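Below: the structure, in structure tokens.
What you see is a predicted model, and the numbers here were worked out from it, not measured in a lab. Scope of the values below: all heavy atoms of this structure, side chains included, with no hydrogens, waters or symmetry mates. Letters go in sequence order (proteins before strands), and every chain restarts at 1.
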Amino acid sequence: MNPPTPGDGGSQTVEQAARPLTRRTFLKGSAASALGIAAMAAALKPLLALERENLSVDAFLQKHYQELTPQELRRILDRLESECEQSRGIRPDIRDIRPREDTEFAYALNIGRCIGCRKCAHACIRENNQSRESDDDINMSYIRVLEMEKGGIDLETSDHYYDADQVPRAGKFYMPVQCQQCREAPCTKVCPVKATWQEDDGLVVVDYNWCIGCRYCMAACPYDARRFNYSRPKLSPDQINPCQSYLSNRLRPKGVVEKCTFCLHRTREGKYPACLEVCPTGARIFGNIRDPGSEINYILKNKRVYVLKEDVGTRPRFYYFFDK
Amino acid sequence: MRDYITFLWRVARLSFQGGWKFYAWMTLLTALALVGLNAYARQLVDGLSTTGMTNQVSWGAYIANFTFLVGVAAAAVMLVIPAYVYKKQSMHEVVIFGELMAIAVIIMCLLFVTVDLGHPERFHHMIPPFGMFNWPGSILSWDVIVLNGYLLLNMHICGYLLYKRYLGAPPTRAFYIPFVFVAIAWAISIHTVTAFLYVGLAGRAYWHNPIVAPRFLASAFAAGPALLILTFQIIRRVTRYWIGDEPIFMLRMIMTVAMLINVFLLGCEVFTEFYAPTAHSAAARYLYFGLHGHEGLIPWIWTAIALDFVGLGLLITPLTRRIAWLNVACATCFLGIWIEKGMGLIIPGFVPSPLGQVVEYLPTLNETLVCLGIWALGALLYSWMLHVAIPIMRGSLRARPGAPAAQPH
């Protein structure tokens, strides 16, 4: 190759090379610009189908949950209720329920009793308004029940799609897994916008109106406890549970992460989580560990209790134990 | 100030002047970028369900491309260090092309993160005082800072030097030398922080591994120079800007060393995972050999390894003293590392899931078109920057055409 040397004399300056603006170049330029604008408009055409709830100015300007005044929050709850009424045909009652004093919730699950019927996973989805394709679609349930080979706790041997009509099957045991409400929660640590945090009673919650949908929390969770709304949740009006709260089971927009909150809209008012109420074998124990007389405290003190994946340092508030 | 406005006006005019090949190339890239924009508009309406991602594999092609490109952007230092630290004159004539590439590539990175968001319109939640920026807790917030910082540093350095060159005045050292040295450290930091995004997750054994950051840097310093070598040849073929062989062979040397380190670290990883396999090796087993009959990544990773080794084999032999073979090595290394860092690093982090589920991932058409659009836009930006910068570097676009051209800084 025979290269030109730097500063090669044959160069014109750009000013010399520039063509003067003639009628011809003007017309060519205009035609190209018009074509460009038309192509741009064509590319953006799908945006015409954006739903109105995605374009609300109020939602855009909304502050983080923890910075809202009671009046602001009231207005937001009203707005969410009417949005739901308009888009879903049913007006829910959305409340803001705060943690109770001197309360720290914990859950214990008796592996010896669980028969793998998956009623908890179904109850979860009915209670918490997750998206579903049909009534028995539990893909978005916060609870995954693992059917595992007896002889060890190797998650890799687990089957998530076993037939629940056949349970309990010989040689298998069952382990439901949901959010462990970790004391050292990796999910809240990694969230770039603090859209998920731990409340005073230990529950890890998400502000669905603040989440930017980066899904870093899902990558961080060692228990596969978080779900993402890849599309607008699919629910028919008769599937909607109208008793809702801001931080738990209200209808989520598309593009945000959701998770188990131990049904805080129930448990903060003294009720049990939906998964516990439906359990036919009494395998689930729930309560306040700061209450010395609670059953959960008795279990933690007296049974052979373990936590899942102790090695990852998350210090769960969800315990498993073996008992009759 | 008036000079600066004239400068911008001339640059704007120059942007639309060129031969038919220039128009054809830019039109093609614009069209591809618009195809990507169209696919993204569809994604905005329907949600990320238009991608192949699931609850189990919650990051895919977007984050994979992002990770790879952060490395390419960081690799600009492989021109900056020889030019500014070792004061190689031949590198000074090309260093700006590396820095411009870093600008285009960082913009691509930011776009890849943006298209991955479920709610991009809430982006201001990251920006204080409107938002709640989780810094220093979240490594993602660190990444936002270092990537934008690196973008600004390079924009300042390139913008300042090009403007001075246009004026025909020597640049004031105090206005750019400190930034150049900060940018060197900063380049290392962008890829380290991006590695820490993954390394910081104790629940994902495949990523929770200190070798990830060094391997990221090694592979980046091979892939980035590979792209630069190819770019330099395009520049010297289609423009009158002369780039000698010296920078190209300097980059070849850097690439060879980086590629050797990369393959060595890969070996270290493979040894650990397979000599004494534990439950934590499941992801590596899935990647290389398949798991419970799921074999989606096997063709990808073995293609990547073959490409890496072909590239390395060429680099360490005298064959690549010939430009044609060097180009083959650059292409195979670039492609090999792209696969290795994408399908090879991001996806196995999610397979098997933390609860032992094996859910495979394959990008959808729509997702692929979005990726293609961002690549096209990046190429468009870089082509445009070169189209404007080269006449300034050559001295054919300058404030006072009569005056002699300024010497390279």
Side-chain angles (χ1 to χ4, degrees), chain A residues 3-8 11-18 36 39-40 42-47 49-50 60 64 144 146 154-158 160 177 186 189-195 210-216 218-224 227-232 254-256 309 312-313, chain B residues 10 13-14 17 30-31 34-35 37-38 41-42 44-49 53 55-56 58-59 116-123 125-126 131-134 137-141 144 200-204 236 240 242 244 279 282 349-350 352-357 391 394-398 401 405:
Chain A
T5 50
D8 174 35
S11 62
Q12 280 179 308
T13 67
V14 169
E15 290 303 305
Q16 287 156 358
M40 183 72 129
L44 291 173
K45 204 172 167 215
L47 291 183
L50 266 183
F60 180 75
H64 188 282
R144 294 229 161 96
L146 281 55
D154 181 1
L155 295 173
E156 235 192 89
T157 66
S158 68
H160 298 236
V177 182
K189 187 168 158 186
V190 301
C191 176
V193 295
K194 300 188 188 174
W210 193 258
C211 171
I212 58 171
C214 71
R215 306 187 299 294
Y216 197 15
M218 297 177 77
C221 177
Y223 305 100
D224 196 12
R227 309 282 175 265
F228 184 69
N229 289 284
Y230 283 94
S231 38
R232 183 173 183 265
K254 75 163 188 276
V256 301
K309 301 197 183 191
V312 294
Chain B
R10 287 180 175 176
R13 268 185 72 177
L14 176 59
Q17 288 166 2
T30 309
L34 286 175
V35 168
L37 183 67
N38 180 253
R42 252 173 285 150
L44 274 181
V45 173
D46 294 337
L48 284 152
S49 54
M53 292 183 276
N55 279 321
Q56 288 81 8
S58 49
W59 281 342
D116 190 61
L117 295 180
H119 275 277
E121 86 285 2
R122 293 183 186 167
F123 190 77
H125 291 181
M126 281 205 193
M132 265 204 171
F133 196 49
N134 190 9
S138 168
I139 298 297
L140 197 51
S141 67
V144 170
L201 306 179
R204 308 261 172 197
R236 70 183 186 185
R240 289 194 184 151
W242 168 241
F350 295 100
S353 83
L355 296 184
Q357 254 182 309
R394 283 180 68 226
S396 55
L397 178 67
R398 51 184 193 252

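Only the side chain of Arg144(A) comes within contact range of chain B, with heavy atoms under 4.5 Å apart. With a 4.5 Å cut-off on non-hydrogen atoms, Lys309(A) touches chain B through its side chain but not through its backbone. If you measure heavy-atom distances from Leu48(B) to chain A, the contacts under 4.5 Å come from both the backbone and the side chain. Contacts of Val190(A) with chain B are made by both backbone and side-chain atoms, with heavy-atom separations under 4.5 Å. Only the side chain of Phe350(B) comes within contact range of chain A, judged by heavy atoms closer than 4.5 Å. For Ala282(B), the parts sitting under 4.5 Å from any heavy atom of chain A are the backbone and the side chain alike. In this structure, the portions of Ser58(B) lying under 4.5 Å from any heavy atom of chain A include both its backbone and its side chain. Both the backbone and the side chain of Arg42(B) come within contact range of chain A, each with at least one heavy atom under 4.5 Å from a heavy atom of that chain. For chain A, the nearby part of Asp46(B) is the backbone; its heavy atoms alone come within less than 4.5 Å. Only the backbone of Ala42(A) comes within contact range of chain B, with at least one heavy atom under 4.5 Å from a heavy atom of that chain.
Counting only heavy atoms from C-beta outward, the side chains of Leu155(A) and Leu146(A) approach each other to under 4.5 Å. By the 4.5 Å heavy-atom criterion applied to side chains, Tyr230(A) and Met53(B) are counted as neighbours.
Atom NZ of Lys189(A) sits in a sparse spot, with 12 or fewer heavy atoms from other residues, nucleotides or ligands closer than 6.0 Å.
The choice from Val144(B), Leu37(B), Val35(B) that makes the most heavy-atom pairs within less than 4.5 Å of chain A is Leu37(B). Most heavy-atom pairs under 4.5 Å with chain A, from the set Gly356(B), Ser138(B), Gly200(B): that is Ser138(B).
Rounded to the nearest 0.5 angstrom, Asn55(B) CG and Met218(A) CE are separated by 4.5 Å.
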